[in-house]
Amino acid sequence: MKFYNTLTRQKEEFVPQEKGVVRMYNCGPTVYSYPHIGNFRAFVFADVLRRYLEYRGLEVRQVMNITDVGHLVADADEGEDKLEAAARKEKKDPWQIAGYYAEIFHRIRKQLGFAEAMAFPRATEHIPEMIAIIEKLVARGHGYVVGNNVYFSVASFPSYGKLSGNLLDTLEAGARIEPHPDKKDPRDFALWKHDPKHLMQWDSPWGRGFPGWHIECSAMSMKYLGETLDIHTGGEDNIFPHHECEIAQSESATGKPFCRLWMHARFLLVNGEKMAKSAGNFFTVEDVFQRGVGPQALRYMLATSHYRQQMNFTWEGAESAKTSLERLAEFRRRLSDAHGAAPVAAVKPVVDKARKDFEAAMDDDLNISEALAAIYGLVREVNRLDPDPAAAAFVRDAFDRIDTVLNIGTAPPDVFSDDEKNLIDARAAARTTKNWAESDRLRKELEAKGVLVEDTPRGQRPRRARK
RNA sequence: GGCGGGUUAGCCAAGCGGCAAGGCAAGGGUUUGCAAAACCCUCAUACGCCGGUUCAAAUCCGGCACCCGCCUCCA
């Protein structure tokens, strides 16, 4: 398996530090508002990555953090905490805000079919771990205390900038932000902050205060996964300053490499532009659900665009995704109800090729487009061959195994109301007497209820129209 | 200003030196009581523009144009 490493700017063969075990940390949501579809692009990417690593037989220890304190609205040093800003606006306390939006995040990730991570640690529950690292940094001379604040000294970490390319001597910090009077160097960032107005406060060796944003990921990743991670993921905007600062403080604290492979998902655009409320192209996950793009279709769109390529979300694309999804779901359904003649021997070479192509594609930095081509090749060939029940079962096992990665091919079983069942039965009765007019009328009536009926040599096959 | 990415058929999108994957849409067939689903066929002498290297370039090199992102809260 080769993955592109932001740190080295090239694809590298992936070898976890411990044989067979992957320690992966995913930058998760800041729970201060409804998650938008761009947020979930990065999360779906992390899920597909995790699933593929498992497909390849690795044990994945996956941790995704929930940021519920410290992430400021304006800039890294001043300004209001995102949670507190939301709290003020909604007239709730920040704990309620965090709880509410964290719950929504979890609900959506389940709807989108995410594999369960090992842990979803929350920043507010790891304050002691953060304080411990900050103390270590101060003791080692990488952090300094000014009044009740603690800052990280960027100058003490010469390789600062290795991830983002924003090297120290070219970084013009303070160019757009007013330099903070307490800082020795405008590029230094806060580890611990004192602000009497802040609603979330904890005791610390430096007095009551709250942690800086970057320190949470260092503390929580090390707690759950150890001092050196195999993989760290996030959105491309995390590269700088967030991940750059994580590296600086983590490596300064431990003296060990913090993470070996950094993977970043590029932004999702809407109509070719970055999502922004002012541009009117900002969609939360709930928004797209309400506009008829269901969880599976959204997952399909997010999972089948290459993570390292900007993705352009359009409603036309969403419709296309729904159709494609339906085709896969139909294929999968048919494999459990096959009546063809092709034996296993006929179908096996097709399956073997699809599997081989799929793996080769995914091994190459998750080349999802190529992988999908392999899947559609399988679909087309198997449909053409028309397998017998044993062959269909053989294909089904292979398809399901491949789909453990993308998790897009299985359709929920169709459920029909009593009313719908009655109509279906009535139509079957009409058909026995070749009453086509009544049959067509009932088909239309069912269609209006979202039930599509197909006639096959073995009778009717009703199914729900998909969203 | 610094850094990075992009420009391939109506739309989305692989390919990154050797005759242009795949999906959606569209048109024509097979099938069907009619449909649907499925399958078959058609659908880029062509890969932003101009030069160059090469037996051979969408793929390498140089230049130009346009688009997007990061550098500042943001996945």
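Below, chain A is the first sequence line, B the second, and so on; all start at residue 1. Scope of the values below: all heavy atoms of this structure, side chains included, with no hydrogens, waters or symmetry mates.
Judged by distance alone, with hydrogens and angles left aside, A:D237 brings no side-chain donor or acceptor close enough to the base of B:C73 to form a pair under 3.5 Å. Counting atom types as modelled, A:N367 pairs no side-chain N or O with a base atom of B:G15 as donor and acceptor under 3.5 Å. Evaluation of atom-type donor-acceptor distances gives a pair under 3.5 Å for the side chain of A:R431 against the base of B:G33. Side-chain N/O atoms of A:R443 and base N/O atoms of B:C34 include a donor-acceptor pair closer than 3.5 Å.
Relative to the side chain of A:R384, the nucleotides B:A21, B:U72, B:C40 differ in distance, and B:C40 lies closest. Set against B:G33, B:G22, B:C24, the side chain of A:S324 has B:C24 as its closest nucleotide. Nearest nucleotide to the A:R266 side chain, out of B:C40, B:G69, B:G5: B:G5. Here the nucleotide nearest the side chain of A:Q309, chosen from B:G22, B:A35, B:G5, is B:G5. Proximity note for A:R9 (side chain, C-beta onward) versus B:C34, B:C3, B:C71: the nearest is B:C3. Considering only the side chain of A:R41, B:A75 comes nearest among B:G69, B:A75, B:G22.
Between the A:R308 side chain and the A:M263 main chain, no donor and acceptor come within less than 3.5 Å of each other.
Judged by centroid separation below 5.5 Å and plane tilt below 30°, A:W436 stacks onto the base of B:G33.
Nearest-nucleotide positions on RNA chain B place A:A437 closer to the 5' end than the other of A:E454 and A:A437.
In this structure, A:F313 has its ring center at least 6.0 angstrom away from the ring center of A:H36.
The distance from the NE2 atom of A:H194 to the NZ atom of A:K197 is 9.5 Å, given to the nearest 0.5 Å.
Counting only N and O atoms by type, the side chains of A:N312 and A:T314 include no donor and acceptor under 3.5 Å apart.
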